[in-house]
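See structure below.
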Amino acid sequence: PPEPVPEAWPTMPPHESKGGGDIASGPRGKQERDRLRKRVPSLASFPFLQPQVSGKDDTTKYVHEEHFEDTPVWVGVITMIAYGVLFIFGHIRDYMRLYGLEKSKMPQEADDMKDFIPLYKSFDSFFTRNLYRRIRDCWNRPICSTPGSTFTVVERETTDYGWTFKNTERREKYFNLGSYNYLGFAENTGRCLEDSVLAMNTYGVSNCSRRTELGTCELHVQLEEMVARFVGKEAALTYGMGFATNSTNLPALVSKGCLIVSDELNHASIVLGARLTGAKIKTFRHNDMEHLERVLRTSIVEGQPGSGRAWKKVLIAVEGVYSMEGSIVNLPEVVRLKKKYKAYLYLDEAHSIGALGPTGRGVVEHFGLSVDDVDIMMGTFTKSFGAAGGYIASTHEVIAALRARSHAHVYATSMSPPVTQMVIASMEEIMGIDGTTKGKERIRQLADNSKYFRTRLKKAGFIVYGNDASPVVPVMIFMPAKIAAFSREMLKRKVAVVVVGYPATPIVESRARFCLSSAHTREQLDDALDKISEVGDLLGLKYSQL
């Protein structure tokens with residue numbers, strides 16, 4: 001097992017390859033690195049990718065404005081009453097199942113295991129059985145095409161009120177407002193696809209090994225050098241799964257005796273990773289900088305619980321774009337507090353890398369800050385790059401330490417070569433290395449679509465959460481019956497949307513979450529907005545009082 005992380009950031013000697021990757025030293029290794037450096041130009045070749053060093057007053061140049069309209073009192077009261085009625089009937093049906101008056105198709109323990117501790121929380125199990133199950137047709141819909149601006153959905157049917165589903169022979173085409181396809185790289189034509197097919201023919205589907213043994217190929221090294229240059233860090237390390245990038249690397253960076261200060265709305269992968277560290281975890285209210293400073297100040301003054309000793313490390317963990325709120329982190333203020341209290345900053349850019357900033361370099365570029373202000377930059381390739389996996393970018397020393405200690409690097413199978421090539425090809429287009437301006441056009445189109453879509457929804461009278469620059473646009477539904485009604489009515493109108501409820505959100509804050517893409521045309525958005533407004537009138541979803 002990895003040794004405990006020392007009190008300071010790990011100080012292992014820098015790896016021989018600047019961009020990361022376990023490539024052999026010697027003549028062949030040198031040839032590979034020379035070839036990669038020729039293919040991936042230096043940052044000096046792209047002035048717009050140079051790290052933007054900010055001055056002392058940069059934190060005041062951008063006004064951080066977000067919209068979270070208060071829930072009307074009458075809506076909140078009716079929502080609570082509706083859930084109360086559902087819970088009462090749920091308990092009645094549970095008693096009926098207990099005494100054999102109604103058949104239950106839920107998995108149950110064997111008779112000789114009745115006294116075992118339940119595997120699931122009782123409330124979660126109750127909610128799934130009596131509420132989620134009845135509207136389960138609104139989720140898990142299988143698709144049979146690329147998730148572009150439109151896709152093909154396999155129609156399903158149920159004969160037992162949501163306990164089971166059967167696929168039918170029907171296939172229908174829908175406008176896609178649910179997939180994380182921010183820059184429209186989810187395509188089955190074009191150079192990115194052709195390069196990925198070529199990589200599969202050359203390297204196969206899998207390296208069938210972990211990175212520390214025989215799982216590193218030249219594509220991984222090339223991608224890591226490219227990621228490091230794209231985000232402006234010294235080095236980077238890539239992983240086959242975005243969730244694991246957070247959950248397995250936080251324990252390699254932070255340990256017992258450290259403090260993690262986490263935004264209350266951070267993703268489950270950060271929550272899990274933080275719990276695995278053994279460090280003390282404290283949360284602060286979402287984007288509430290006064291509360292964050294209060295938590296930092298109090299924690300540093302009081303020290304470790306019991307002993308009062310100073311913390312080995314203090315790590316602030318935030319996301320660039322919060323995928324359920326459409327909110328953007330107030331990064332200038334977080335950076336100011338990080339410097340003031342000498343903490344480290346861990347930034348999850350899963351939803352912001354590629355989607356924010358004039359050149360797609362994420363929330364740091366969006367605010368015009370320096371990448372040196374962020375100690376650990378994490379991101380995924382799932383959203384903006386049309387692929388899968390994730391990365392960590394930082395200094396040579398930190399990346400070298402992660403190579404030795406990160407469970408996702410040491411034990412997990414490496415990224416699939418065709419997936420790796422897909423990220424390389426899409427990133428080349430974003431950076432302009434392919435010699436075109438297609439990447440910049442995609443970024444600009446996404447920004448225009450996001451602002452236009454959000455503005456139209458607000459004018460229509462919906463309560464819309466988040467930041468105008470966010471490609472994630474949540475519209476509040478609140479009432480439980482309207483979750484399914486909205487999804488089904490939109491499906492009738494050939495628009496596929498994602499509705500979200502508990503446990504992904506607070507139980508009384510259900511919502512529809514629209515994900516914009518540069519692949520969406522203005523005509524498609526206008527048509528979808530008209531249908532959303534029509535359904536909003538039908539279901540009474542226009543709660544806004546502004």
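Keep in mind that the numbers below use all heavy atoms, side chains included, and drop hydrogens, waters and symmetry copies.
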Does Met415 offer a backbone N or O that forms a donor-acceptor pair with the side chain of His220 under 3.5 Å?
yes

Arg133 (side chain) donor-acceptor with Arg129 (main chain) under 3.5 angstrom:
yes

Heavy atoms, side chains only, cut-off 4.5 Å: are Leu86 and Pro480 in contact?
yes

Quick check on the 6.0 Å ring-centre criterion: do Tyr132 and Phe127 meet it?
no

Ring pair (Phe, Tyr, Trp, His ring centres under 6.0 Å) with Tyr346: which residues, sequence neighbours excluded?
none

Give every residue pair that meets the side-chain hydrogen bond (donor to acceptor under 3.5 Å, both in side chains) criterion with at least one member in residues 175-186, sequence neighbours excluded.
Asn176-Ser179, Tyr180-Arg513, Tyr182-His351

Would you give the length of the straight line joining atom CG of Leu541 to atom CD of Glu489, rounded to the nearest 0.5 angstrom?
10.5 Å

I'd like to check Val363 versus Glu349 (side-chain heavy atoms, cut-off strictly below 4.5 Å). Are they in contact?
yes

In a check of salt bridge (charged side-chain N to carboxylate O under 4.0 Å, His left out) between Glu172 and each of Lys494, Arg156, Lys492, Arg493, which one passes?
Lys494

Just by distance, with hydrogens left out, do Asp348 and Asn266 show a side-chain donor and acceptor under 3.5 Å apart?
no

Residue of the set Val423, Val231, Leu237 for which side-chain contact (heavy atoms from CB on, under 4.5 Å) holds with Tyr391:
Val231

Under 3.5 Å side-chain donor-acceptor pair for Ser327 and His286:
yes

Side chains of Thr248 and Tyr411 in contact at under 4.5 Å (non-hydrogen atoms)
no

Those residues at least two apart in sequence (or on a different chain) that pass side chain to side chain contact (heavy atoms under 4.5 Å, CB included) with Lys438 are Glu429, Thr436

If you compare all heavy atoms of Leu356 against all heavy atoms of Ala469, which two are closest, and at what distance to 0.1 Å?
CD2-O, 3.3 Å

Side chain to side chain contact (heavy atoms under 4.5 Å, CB included) between Val295 and His291, worked out
CA-CA 6 Å; Val295 171; His291 190 218; 3.8 Å; yes

Just by distance, with hydrogens left out, do Arg454 and Ser450 show a side-chain donor and acceptor under 3.5 Å apart?
no

Pair Asp448 + Arg522: basic N to acidic O under 4.0 Å
no

Determine yes or no for a side-chain-to-main-chain donor-acceptor pair under 3.5 angstrom, with Arg511 supplying the side chain and Met324 the backbone.
yes

Side chain Arg171, main chain Thr152, donor-acceptor under 3.5 Å:
no

Parallel, tilted or perpendicular: which fits the ring planes of Tyr95 and Tyr99, with parallel below 30° and perpendicular above 60°?
parallel

Kindly give the heavy-atom pair with the smallest separation between Ser544 and Phe462, and that separation in Å.
CB-O, 3.6 Å

Are any of the side-chain nitrogens in Glu264 or Arg285 under 4.0 Å away from the carboxylate oxygens of its partner?
no

Residues two or more places apart in sequence or in another chain: which of them pass side chain to side chain contact (heavy atoms under 4.5 Å, CB included) with Leu491?
Arg141, Tyr174

Run the side chain to side chain contact (heavy atoms under 4.5 Å, CB included) test on Asp527 and Lys531 for me, step by step, so that the C-alpha distance in whole Å, both residues' side-chain angles and the decisive distance to 0.1 Å come before the verdict.
CA-CA 6 Å; Asp527 180 64; Lys531 292 174 180 177; 3.1 Å; yes

Keeping the roles fixed (side chain from Ser414, backbone from Arg211), state whether a donor-acceptor pair exists under 3.5 Å.
no

So how far is it from Ser247 OG to Leu276 CG, rounded to the nearest 0.5 Å?
7.0 Å

If you round to the nearest 0.5 Å, how far is OH of Tyr543 from CH2 of Trp74?
6.0 Å

Could you check whether atom NZ of Lys280 has more than 12 heavy atoms from other residues, nucleotides or ligands sitting under 6.0 Å from it?
no

Flag side-chain contact, heavy atom, 4.5 Å: Ile532 against Val495:
no

Counting N and O atoms only, with roles assigned by atom type, does the side chain of Thr245 sit under 3.5 Å from a partner on the main chain of Met241, one being a donor and the other an acceptor?
yes

Classify the side-chain pair Asn287/Tyr322 by whether it contains a donor and acceptor separated by less than 3.5 Å.
no

Has the side chain of Asp263 got a donor or acceptor atom that lies under 3.5 Å from a matching backbone atom of Leu265?
yes

Could you grab the distance from atom CG of Asn167 to atom CD of Glu169, nearest 0.5 Å is fine?
9.0 Å

Minimum heavy-atom separation for Ala484 and Ile135, please, with both atom names.
CB-CG2, 3.4 Å

Does the side chain of Thr277 come within less than 4.5 Å of Cys258's, by heavy atoms?
no

Atom CG of Asp288 and atom CG of Asn330: how far apart are they, to the nearest 0.5 Å?
10.0 Å

Could you give me the CA-CA distance, side-chain angles and deciding distance for Gln421 and Leu198, then say whether side chain to side chain contact (heavy atoms under 4.5 Å, CB included) is met?
CA-CA 9 Å; Gln421 180 58 54; Leu198 180 60; over 6 Å; no

Exceeds 12 heavy-atom contacts within 6.0 angstrom, atom CE of Met96:
yes

Would you mind checking if Lys166 and Asp160 are paired as a salt bridge, meaning a charged N to carboxylate O distance below 4.0 Å?
no

Going by the rule side chain to side chain contact (heavy atoms under 4.5 Å, CB included), which residues pair with Thr380 if we only count those two or more places apart in sequence or in a different chain?
Ala350, Met378, Thr382, Lys383

Between Ser384 and Ala355, what is the shortest heavy-atom contact and its length?
OG-N, 3.6 Å

So does His520 get a backbone contact from the side chain of Ser149, meaning a donor-acceptor N/O pair under 3.5 Å?
no

Would you indicate whether the side-chain heavy atoms of Trp139 and Val499 approach each other to under 4.5 Å?
yes

Under 3.5 Å, side chain of Arg136 to main-chain N/O of Gly162, donor-acceptor pair present?
yes

ring-ring contact (aromatic ring centres under 6.0 Å, His included) contacts touching residues 142-168 (sequence neighbours left out):
none

Are more than 12 heavy atoms, taken from residues, nucleotides or ligands other than Lys542, located less than 6.0 Å from that residue's NZ atom?
yes

Heavy atoms from other residues, nucleotides or ligands near CG of Asp70 exceed 12 (cutoff 6.0 Å)
no

Side-chain contact test, heavy atoms from C-beta onward, threshold under 4.5 Å: evaluate it for Leu193 versus Glu187 and give yes or no.
no

Does any non-hydrogen side-chain atom of Lys459 lie less than 4.5 Å from one of Thr455?
yes

Minimal non-hydrogen separation, Cys138 against Arg488, with atom names:
SG-NE, 4.1 Å

Closest non-hydrogen atom pair between Ile270 and Ala317, with its separation:
CG2-CB, 4.2 Å

Interatomic distance, Glu325 atom CD to Thr505 atom OG1 [nearest 0.5 angstrom]
8.5 Å

Taking Lys451's backbone N and O only, do any of them form a donor-acceptor pair with Asp468's side chain (distance below 3.5 Å, no angle check)?
no

